[in-house]
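Here is the structure we will look at.
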Number of protein chains: 2
Amino acid sequence: MQLPIHLEANGYPAASLLKKLRCRDTISVDEERIVEAMLEGQSVIDVRVDFIREGDRPVASTLLVEGYAARYRMVESGARQITAIHVPGDFVDFHSFLMKEMDHGVATLTPCRVARVPHATLKSISETQSHLMRMFNLMALIDGAIHREWLVCMGRLPAPAHAAHLFCEIYMLLQAVGLARDFAFSFPVTQDNLADMLGLSPVHVNRTLQELRRKDLIEWQGEVLRFPDWDRIAQFAEFDDTYLHLRNEPR
Amino acid sequence: MQLPIHLEANGYPAASLLKKLRCRDTISVDEERIVEAMLEGQSVIDVRVDFIREGDRPVASTLLVEGYAARYRMVESGARQITAIHVPGDFVDFHSFLMKEMDHGVATLTPCRVARVPHATLKSISETQSHLMRMFNLMALIDGAIHREWLVCMGRLPAPAHAAHLFCEIYMLLQAVGLARDFAFSFPVTQDNLADMLGLSPVHVNRTLQELRRKDLIEWQGEVLRFPDWDRIAQFAEFDDTYLHLRNEPR
DNA sequence: CGAACTGTTGATGATCGTCAACTGTAGTGG
DNA sequence: CCACTACAGTTGACGATCATCAACAGTTCG
């Protein structure tokens, strides 16, 4: 199974990351070259197993090029909670550059392609390119902002609004790297995985989706998820994309 | 109302931050001096109003010196979700250095004292002290790890375990800066605020606390929260402090 | 003394989880 | 071609967890 929408610049893993950086801040032509050099020549590999990360002392960070991945943790009852979903252009474990002990797992939700960036490269950038390093720092802060938004949704929104909010967020993230437009995107993820993202049971997710379909807030047959009316679902989900910081902001 | 436990080095805001940095990584004597210089001469102010942060374009970040503060967001129903709790030694809005638009509020949960660190100082450090900057970066990543842990608790733990987990986490954070020992700490926070942290109703928090007391997992009369048996509550809450990264780790 | 705040209790209902059965579809091997 | 299997999705029945509303108790403070 392959995702029906492919990266525009296939075989060129820097493209989506650069797009995100451009969305989020201004970067100079020189800095673009450094990011490209960081990724150029890195092998892009297909990942078919469930676990992207293995071993205790990683020497490289993983950039997602294609597919959906997720960070998760298990609890003793056997339940799984997904704490973040990754789309192309995301570092799935930038953490491992600074935090030596991993406290969670990373799994693919669909078949994925990834590129590996050696920690030595990141260290070199952090020492010579303070502006770029601040931008990586910014990406970590945005990760935190997304986590906070998930906490708000999980704690204070009913299940249908929570699910709708997640769909809106994923759409905006994909749009930023050119993988979604016209309020539709490929989302070949099972309801079981969705349940692990929302902190619900699979059965309740099913009924929640039925409610969203009944209210004409989503269409989701096959792999493509579509919003018939963006404004309506955004209001229903109380979705405000400020927290994603996808627009250029004045310094 | 003042917290019964005071900072050991009162009037010296760098102390608790330095302790945390020492817990999390090795810093040289030179770097210690830089952190001290960063905070030295900054006015330490009492905050009695509810809102620490105001205005859209902050020019300084706020370091919490004494008291409890929290980041939160409101939803349309009027409910509030607290997404992070801050203890002395935390930057409550390090974000504002890199993210110009704030997407959440910061409020005090008890009377607080804070120190303001100008963004110009942080920028200078980021350009000249790459190792220190990586450490601030690391603190942002740990913030993210704590958020992920909250998501797991919120999504997959029942209310009593969730509350117990939160108490364990706060105890470890306070212990790292010398504000807790012997499995007890000052926690003068209302059940209403606790409900906003756990994503529950105040009534249900009350009953949850009664259950924890009935099982002898906590004692909480007045301001002091005490654990009669650390191992038991840690197991009950499935608490593992790895995600806090409070120990020095081999590079 | 009364007002405001926090904590507590009871009654009731909504949301969500669990268990089990069933459907449709896509493979897989005889 | 047809069982057979595996898997995702769906439905119904039932129970557990949690929210809501209302009332009341204890404390602090003016």
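Keep in mind the model is a prediction, meaning the values are calculated, not measured. Naming: A, B, ... by sequence-line order, numbering from 1 per chain.
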Taking atom types as modelled, is there a side-chain donor on [X] or [Y] under 3.5 Å from an acceptor on the other?
{"X": "B/D240", "Y": "B/T242", "value": "yes"}
{"X": "A/D231", "Y": "A/Q235", "value": "no"}
{"X": "B/E149", "Y": "B/H165", "value": "yes"}

Classify the ring geometry of A/Y171 against A/F185: parallel below 30°, tilted from 30° to 60°, perpendicular beyond 60°.
tilted
Can you tell me how the ring of A/H147 sits relative to the ring of B/H147, calling it parallel under 30°, perpendicular over 60° and tilted otherwise?
tilted
Could you give the [atom1]-to-[atom2] distance, from [X] to [N], as a whole number of Å?
{"X": "A/R156", "N": "D/dC18", "atom1": "CZ", "atom2": "C1'", "answer": "11 Å"}
{"X": "A/L198", "N": "C/dT15", "atom1": "CG", "atom2": "P", "answer": "17 Å"}
{"X": "A/L209", "N": "C/dC16", "atom1": "CG", "atom2": "C1'", "answer": "15 Å"}
{"X": "A/L194", "N": "C/dG17", "atom1": "CG", "atom2": "P", "answer": "13 Å"}
{"X": "A/L157", "N": "D/dA19", "atom1": "CG", "atom2": "P", "answer": "14 Å"}
{"X": "B/E223", "N": "C/dG7", "atom1": "CD", "atom2": "P", "answer": "12 Å"}
{"X": "A/N193", "N": "D/dC7", "atom1": "CG", "atom2": "C1'", "answer": "13 Å"}
{"X": "A/D192", "N": "C/dG17", "atom1": "CG", "atom2": "P", "answer": "13 Å"}

Phosphate OP1/OP2 of [N] contacted by [X] side-chain N/O (<4.0 Å):
{"X": "B/R213", "N": "C/dT8", "answer": "yes"}
{"X": "B/Q210", "N": "C/dG7", "answer": "no"}
{"X": "A/N206", "N": "D/dT10", "answer": "yes"}
{"X": "B/Q191", "N": "C/dC5", "answer": "no"}

Which listed nucleotide (C/dA11, D/dA13, D/dC18) is nearest to the side chain of A/R207?
D/dA13
Proximity to the side chain of A/T190 - top-ranked nucleotide from D/dT11, C/dT6, D/dG9
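Looking only at heavy atoms from C-beta outward on A/T190, the closest nucleotide is D/dG9.
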Quick check for you: to the nearest 0.5 Å, what is the distance between A/L200 atom CG and A/H162 atom NE2?
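A/L200 CG to A/H162 NE2: 7.5 Å, rounded to 0.5 Å.
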Return the 5'-most residue of the pair B/L200, A/V203 with respect to DNA chain D, ranking by each residue's nearest nucleotide.
A/V203
Quick check on contacts: within residues 75-86 of chain A, what sits under 4.0 Å from DNA chain C by heavy-atom distance?
none
What nucleic acid atoms does B/G222 come within less than 4.0 Å of, heavy atoms only: base, sugar-phosphate, or nothing?
nothing
Between B/F167 and B/F239, is the ring centre distance below 6.0 Å?
no
